[in-house]
Protein chains: 2
Amino acid sequence: MIILSKLADYGVIIATHLAAFPARQVNATTLAAETRLPQATVAKVLKALAHAGLVSAARGATGGYRLARPATAISVAEVVAAIDGDIGLTQCSVHVEDCARTTYCPTRPHWSAINRAVGEALSAVSLDAMLTPAAFIRGISLSPNPSQSDEHRFSA
Amino acid sequence: MIILSKLADYGVIIATHLAAFPARQVNATTLAAETRLPQATVAKVLKALAHAGLVSAARGATGGYRLARPATAISVAEVVAAIDGDIGLTQCSVHVEDCARTTYCPTRPHWSAINRAVGEALSAVSLDAMLTPAAFIRGISLSPNPSQSDEHRFSA
DNA sequence: TCTATTACGTACCAGTTTGGTACGAATTGG
DNA sequence: CCAATTCGTACCAAACTGGTACGTAATAGA
């Protein structure tokens with residue numbers, strides 16, 4: 001199962017790329033080329049980020065985007081939420097009223113604890129941290145071919 | 001955004017329900033009625049759980065399903081993985097080879113730490129724990145209308 | 001001040017995945 | 001031998017995601 005949508009993944013890549021050059025104002029086309037992402041999709045992601053106030057947009061001939069706040073003050077959770085909406089484990093976590101089993105479902109109250117753990121994991125990492133070498137976060141190999149490591153896959 | 005698929009959510013509900021009556025062998029139709037879930041969907045979920053070895057299926061006239069292991073020895077993560085597959089934050093977490101940006105994408109190594117946090121959050125909760133009152137896990141209100149609480153929603 | 005260039009923002013369309021259903025094959029107890 | 005029950009496969013519909021195209025707004029230069 002994949003937790004993050006492609007767009008949310010792109011959003012983190014784009015935001016991190018912006019964080020790498022804080023003072024620069026860059027347009028969507030250039031950003032797309034530098035990140036190797038489709039131009040139109042990048043524009044769509046940037047729009048969502050701008051709407052959430054994470055990046056500021058300047059129009060006109062010399063316009064472009066830049067981060068609205070320092071990279072240390074923007075968490076991955078914010079970027080993901082800007083694109084995919086609030087984070088919730090189950091349907092009833094986000095739309096409580098839609099669940100017909102509200103009165104007797106025994107499992108529902110327990111999701112909140114797991115929900116919180118996920119949210120905190122995403123909130124704990126800032127864009128700035130995404131730029132630092134991975135080794136600073138955990139003992140992750142920086143080998144050229146990280147697929148040798150099992151770190152990226154979680155198996156029960 | 002919703003992290004768990006509906007089927008995975010159903011899977012936890014069904015597995016928890018089975019855990020509530022450990023010795024009983026029950027068929028899919030009865031299980032569907034008791035959980036208020038569509039019969040055909042329950043059968044599909046049970047098939048996935050049986051395939052993963054979490055429940056044992058008995059065929060024939062007096063057949064049915066039961067947990068293959070004690071409820072304390074089955075984690076929510078296993079149930080989810082049985083239905084939705086391995087847990088991964090991003091596409092490249094599960095299918096590393098599919099990512100064309102492998103060589104220069106700076107964000108990828110960092111996902112593993114978040115991945116691990118999510119996996120541990122799901123692994124830490126057993127089916128047995130899902131049956132105990134929520135208050136034992138965190139200070140969650142047990143009021144008849146839990147929607148009054150904000151615990152279920154995570155906002156950045 | 002006008003015009004042309006540049007880029008943002010919105011609306012629309014196609015593909016894929018997920019959720020749900022129905023039918024047939026196999027197995028066991030009476 | 002028959003009936004009941006489950007497993008397994010194949011199929012269909014709906015929702016969502018991803019991608020594209022077009023219109024609108026703003027600025028720089030003349």
Side-chain angles (χ1 to χ4, degrees), chain A residues 1-11 13-14 18 24-33 35-66 68 80 82-85 88 90-91 94-95 98-100, chain B residues 1-11 13-14 18 24-33 35-66 68 80 82-85 88 90-91 94-95 98-100:
Chain A
M1 74 171 292
I2 310 296
I3 292 181
L4 260 55
S5 71
K6 272 191 180 181
L7 252 50
D9 191 8
Y10 293 167
I13 293 174
I14 293 168
L18 281 174
R24 182 175 67 148
Q25 185 155 14
V26 62
N27 61 34
T29 303
T30 304
L31 212 42
T35 56
R36 272 80 162 176
L37 261 29
Q39 192 274 332
T41 301
V42 170
K44 184 185 233 177
V45 169
L46 284 168
K47 175 199 160 193
L49 295 179
H51 194 75
L54 297 179
V55 303
S56 60
R59 300 169 88 149
T62 62
Y65 291 94
R66 69 174 65 199
V80 172
I83 297 171
D84 279 356
T90 60
Q91 196 80 30
V94 179
H95 304 289
D98 290 350
C99 184
Chain B
M1 76 172 287
I2 309 296
I3 293 182
L4 260 54
S5 71
K6 272 192 180 182
L7 283 176
D9 191 8
Y10 293 168
I13 292 175
I14 292 168
L18 281 173
R24 182 175 66 148
Q25 186 154 19
V26 62
N27 62 33
T29 304
T30 303
L31 213 42
T35 55
R36 271 80 162 178
L37 260 29
Q39 192 275 333
T41 301
V42 169
K44 185 185 230 177
V45 170
L46 284 169
K47 174 197 162 195
L49 295 179
H51 194 74
L54 297 179
V55 304
S56 60
R59 301 172 112 173
T62 60
Y65 292 94
R66 69 174 65 200
V80 172
I83 297 171
D84 279 355
T90 60
Q91 194 80 32
V94 178
H95 304 289
D98 290 350
C99 182

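Reminder, nothing fancy here: chain letters follow the sequence lines and each chain counts from 1.
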Interatomic distance, B:Leu31 CG vs D:dT5 C1' [rounded to whole Å]: 15 Å

Candidates C:dT6, D:dG19, C:dT21 - which lies nearest the side chain of B:Thr41: C:dT21

Among the candidates C:dA26, D:dT20, D:dT27, find the nucleotide nearest to the side-chain atoms of B:Arg59. C:dA26

Specify the separation, in whole Å, of atom CD of A:Gln39 and atom C1' of C:dG9. 13 Å

Name the nucleic acid region contacted by B:Ala57, choosing base, sugar-phosphate or nothing; use a 4.0 angstrom heavy-atom cut-off, strictly under. sugar-phosphate

Just the rounded figure in Å: distance from P of D:dA25 to NZ of A:Lys47. 15 Å

Tell me what B:Ala28 touches on the nucleic acid: a base, only sugar-phosphate, or nothing, going by heavy atoms under 4.0 Å. sugar-phosphate

If you find the nucleotide of DNA chain D closest to A:Ala8 and the one closest to B:Gly60, which residue's nucleotide is nearer the 5' end? B:Gly60

Where the side chain of A:Lys44 is concerned, which of C:dG20, D:dA25, D:dG19 is the nearest nucleotide? D:dG19

So which heavy atom on B:Val55 is nearest to which on B:Leu46, and how close? CG2-O, 4.0 Å

Taking every heavy atom of B:Ala8 against every heavy atom of B:Asp84, the minimum-distance pair comes out as CB-OD2, 3.3 Å

Counting the atoms with a prime plus P, OP1 and OP2 as sugar-phosphate, which does A:Leu7 contact under 4.0 Å by heavy atoms, base, sugar-phosphate, or nothing? sugar-phosphate

Side-chain heavy-atom pair A:Ile83, A:Leu49 within 4.5 angstrom cut-off: yes

Over all heavy atoms of both residues, which pair between A:Ala82 and A:Ala48 is shortest? Give the atoms and the distance, please. O-CB, 3.9 Å

Separation of C:dT21 atom P from B:Leu46 atom CG, nearest Å, is 15 Å

What is the distance, to the nearest angstrom, from the CG atom on A:Leu4 to the C1' atom on D:dC16? 16 Å

At 4.0 Å (heavy atoms only), tell me whether B:Ala58 reaches a base, stays on the sugar-phosphate, or touches nothing. sugar-phosphate

Considering just the side-chain nitrogens and oxygens of B:Tyr10, establish if one lies under 4.0 Å of OP1 or OP2 belonging to C:dG20. yes

Starting the side chain at C-beta, find the nucleotide from D:dT20, C:dT21, C:dT6 nearest to A:Pro38. D:dT20

Counting side-chain heavy atoms from CB outward, which of C:dC8, C:dG19, D:dG18 is closest to B:Ser5? C:dG19

Tell me the closest heavy-atom pair linking A:Ala32 and A:Gln39, and the distance in Å. CB-CA, 3.6 Å

d(CD1, B:Ile83; C1', C:dT17) in whole Å: 17 Å

For B:Leu37 and C:dG19, what is the distance between atoms CG and C1' respectively, to the nearest whole Å? 12 Å

To the nearest angstrom, the CG-C1' distance between B:Leu49 and D:dG8 comes to 16 Å

